[in-house]
Protein chains: 2
Amino acid sequence: MATGRTHRPATRSRGIPEATVARLPLYLRALTALSERSVPTVSSEELAAAAGVNSAKLRKDFSYLGSYGTRGVGYDVEYLVYQISRELGLTQDWPVVIVGMGNLGAALAGYGGFASRGFRIAALIDADVQLTGRLIAGLPVRHADELEGIVEDNQVSIGVITTPAGAAQEVCDRLVAAGVTSILNFAPTVLTVPDGVDVRKVDLSIELQILAFHEQRKAGEELESSLTAPPVAAKAVRDGGRRPGPDGDVPAVMPA
Amino acid sequence: MATGRTHRPATRSRGIPEATVARLPLYLRALTALSERSVPTVSSEELAAAAGVNSAKLRKDFSYLGSYGTRGVGYDVEYLVYQISRELGLTQDWPVVIVGMGNLGAALAGYGGFASRGFRIAALIDADVQLTGRLIAGLPVRHADELEGIVEDNQVSIGVITTPAGAAQEVCDRLVAAGVTSILNFAPTVLTVPDGVDVRKVDLSIELQILAFHEQRKAGEELESSLTAPPVAAKAVRDGGRRPGPDGDVPAVMPA
DNA sequence: TAGATTGTTAATCGATTAACAATC
DNA sequence: TAGATTGTTAATCGATTAACAATC
């Protein structure tokens with residue numbers, strides 16, 4: 001009955017808001033870069049700029065974790081890297097399986113950002129026997145028949161689904177039945193999971209559609225301002241102007 | 001100076017909230033499936049279930065588009081498909097370029113969800129001369145030197161970046177200089193763009209880190225409840241219980 | 001002490017949700 | 001007319017932001 005939820009319900013883990021949790025990886029990435037350059041401390045202003053957020057938001061986010069900064073000085077880079085890593089659960093090892101070894105699965109298998117952050121690929125899985133045994137990113141592809149055994153033997157709790165849409169729900173069911181409780185879904189379909197299982201979804205086509213919406217709006221504004229206002233007004237419209245009248249394009253006719 | 005924004009500022013296009021825009025593609029997908037099964041009408045309850053949201057939210061979302069439903073009956077599937085497509089700008093053709101032809105770029109090039117939604121791949125681009133001319137998803141890879149010409153000749157306004165992180169900003173700059181005003185960034189780096197350019201970001205590792213956070217929390221709850229409460233209480237804790245005391249793990253020592 | 005910067009407050013804004021009058 | 005379902009209202013909730021007292 002439960003349909004795929006993007007994240008857990010209202011329960012805020014340890015009181016940390018979801019929006020903050022979603023930004024912690026951004027901060028961690030910026031801090032890791034500073035750490036590699038041996039920068040000892042960083043101010044909220046500098047770190048916020050590096051992470052692409054504003055500094056008030058960053059300080060508020062960090063306040064949920066504790067008081068890890070020093071007034072007048074800033075934040076100790078190494079210390080923050082550790083605290084955020086710990087908060088995100090990256091100080092432990094997370095075995096993951098990737099199911100579906102098309103181009104996308106292969107891209108994920110070869111993505112360096114996993115291993116460096118506590119994620120270990122326990123297995124690459126595909127239903128195609130032609131692929132079984134072939135090496136991808138140095139790992140042999142294993143057949144889907146082995147899925148349950150792999151999950152149980154490696155205590156895998158996180159599964160990544162990169163199969164075609166038609167196969168995703170069945171793969172999801174099998175992963176969950178075998179013990180997986182978190183799923184990252186790249187297949188363009190809504191997954192149904194039992195309570196207690198988290199699903200996050202990455203949808204390539206949806207992101208493009210959202211861009212198209214904004215792109216269309218920009219084009220509409222340009223057209224509009226070129227028709228109704230002198231050219232110099234174009235920027236003002238784009239920067240926050242409102243259309244003067246009510247929406248004018250509610251259709252009058254509804255097709256049979 | 002402007003750092004990469006995920007979406008435009010407070011200005012809500014035509015009054016449609018960002019959160020609603022982000023769900024329109026979900027509704028469209030569910031509606032397309034119904035359309036293929038020749039279902040003539042659908043209620044907000046049914047459609048919401050198919051899209052994985054609740055029906056109140058769906059009705060509120062649709063109310064921003066106009067009054068497209070019929071009380072007592074529901075929504076005309078074909079009509080809604082058309083209206084949402086139009087709202088998202090999918091009734092027009094959007095030429096896109098994909099820059100960076102690794103596995104991820106290849107996966108996107110072969111993704112069927114694009115062509116069916118008004119996106120047309122104008123070119124696949126890579127800096128590696130070894131790849132130039134090779135066919136990916138039936139299209140020849142073109143060299144990065146041609147980027148500006150391709151964007152201008154095809155009036156490309158949407159660019160997809162699937163290069164390594166180190167190359168992303170330069171590619172972004174060149175795309176923008178050539179006329180691209182919307183960017184979908186898969187490289188794990190914050191892009192800086194001038195005002196008026198939209199950036200959306202898809203970050204594979206960030207999604208996994210968010211899952212790890214919740215996964216860790218589940219494990220912590222199980223441990224906690226097994227230590228402090230009879231086993232039967234575990235579900236209650238997971239379903240919304242709060243830890244009784246304040247956070248107990250604020251560290252006492254800060255390293256030099 | 002003077003300057004810098006955090007951590008927190010309070011105001012504002014946007015999103016979600018339940019409930020129900022309107023109406024097919 | 002009776003039943004079904006939309007579209008909208010109003011309450012609630014969560015996220016953002018500016019400002020500044022606390023404090024290094």
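So you know, we letter chains A, B, ... as the sequences are listed, proteins then strands, and number each from 1. Computed over heavy atoms, backbone and side chain alike; hydrogens, waters and symmetry mates excluded.
None of A/V160, A/V176, A/D198 except one satisfies the side-chain contact (heavy atoms from CB on, under 4.5 Å) rule with A/I183; the exception is A/V176.
Side-chain N or O atoms of A/E46 include one that pairs as donor or acceptor with a backbone N or O of A/S43 at under 3.5 Å. The backbone N or O of A/G89 sits less than 3.5 Å from a side-chain atom of A/W94, completing a donor-acceptor pair. For the pair A/K218 (side chain) and B/G196 (backbone), a donor-acceptor distance under 3.5 Å is present. With hydrogens and angles ignored, the 3.5 Å screen pairs a side-chain donor or acceptor of B/Q169 with a backbone N or O of B/T192.
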Seminar exercise, completed: In B/S/- notation (B base, S sugar-phosphate only, - none; protein heavy atoms under 4.0 Å), nucleotides 19-24 of chain D written 5' to 3' is B--BBB

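At whole-Å resolution of the value, CG in A/D61 and C1' in D/dA15 are 10 Å apart. Rounded to an integer number of Å, the gap from CD of B/E46 to P of D/dT5 is 7 Å. If you measure from atom CD of B/E18 to atom P of D/dT16, you get 13 Å, rounded to the nearest angstrom. Between the NZ atom of B/K57 and the C1' atom of D/dT12 there is a distance of 14 Å, given to the nearest Å. Taking atom CG of B/N54 as the reference point, atom C1' of D/dT6 lies 15 Å away to the nearest angstrom. Straight-line distance from the CZ atom of B/F62 to the P atom of D/dT5: 16 Å, rounded to whole Å. The nearest whole Å value for the distance from the CG atom in A/L80 to the C1' atom in C/dT5 is 14 Å. Rounded to an integer number of Å, the gap from NZ of B/K60 to C1' of D/dT6 is 13 Å.
When the side-chain nitrogen and oxygen atoms of B/S43 are compared with OP1 and OP2 of D/dT5, none of them lie within a distance under 4.0 Å. Put simply, A/S44 has a side-chain N or O that comes within less than 4.0 Å of OP1 or OP2 on C/dT6. Checking the phosphate oxygens (OP1, OP2) of C/dA4, no side-chain nitrogen or oxygen of A/Y75 falls inside 4.0 Å.
If you look at B/F114 and B/Y111, their ring centroids are closer than 6.0 Å. Aromatic pair A/F62/A/Y68: centroids not less than 6.0 angstrom apart.
In B/Q92, the CD atom is crowded: over 12 heavy atoms of neighbouring residues, nucleotides or ligands sit closer than 6.0 Å.
Remark: DNA chain C forms stems of 3 or more consecutive Watson-Crick or G-U wobble pairs, all pair distances under 3.5 Å, at C:3-24 with D:3-24.
Under the side chain to side chain donor-acceptor pair (under 3.5 Å) criterion, B/S205 pairs with B/Q209, not counting sequence neighbours.
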